[in-house]
Amino acid sequence: MLILSRKIDEKIKIGEDITITLIDVHGDQVKIGVEAPKNVKVFRQEVFDAIQKENKAAVAVVQDNDNKARDAVSALSKLLKK
């Protein structure tokens, strides 16, 4: 992890396309601005974690539905063979 000190209105560059600007410091809260191309997704960590959790839950549902569909096809196949 790179740790930098910045004053208000000072910037940090990430590559050529991303700029982080320190906007304000008030007590223990820091406001930053992020300039990035539209194709770069920028999230707060807690939002990113929630998205990841939802994505994993959605995958589990799809996998469960796939398993149920396979079971149904298998049962139907067995009935048709009789």
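Please read these numbers as outputs of a predicted model, since none were measured by experiment.
The salt bridge (charged side-chain N to carboxylate O under 4.0 Å, His left out) search around K68 returns D64, not counting sequence neighbours.
Taking NZ of K31 as the reference point, atom CG of L22 lies at 11.5 Å (rounded to 0.5 Å). Taking CZ from F48 and NZ from K53, the interatomic distance works out to 15.0 Å, rounded to the nearest 0.5 Å. Note that CD1 of I51 is 9.5 Å distant from CD of E54, once rounded to the nearest 0.5 Å.
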Show me the donor-acceptor pairs, under 3.5 Å and distance only, between side chains in residues 2-17 and residues at least two apart or in other chains.
residue	atom	partner	partner atom	Å
R6	NH1	K11	O	3.3
E10	OE1	K7	N	2.6
K11	NZ	T21	OG1	3.2
K13	NZ	E16	O	3.3
K13	NZ	T19	OG1	3.0

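Under the 4.5 Å side-chain criterion, counting only non-hydrogen atoms from C-beta, I18 is in contact with V40. Annotation: side chain of Q29 is not in contact with side chain of V25 (no heavy-atom distance under 4.5 Å).
Heavy atoms only, all atoms of each residue included: I23 and I32 are closest at CG1-C, 3.8 Å.
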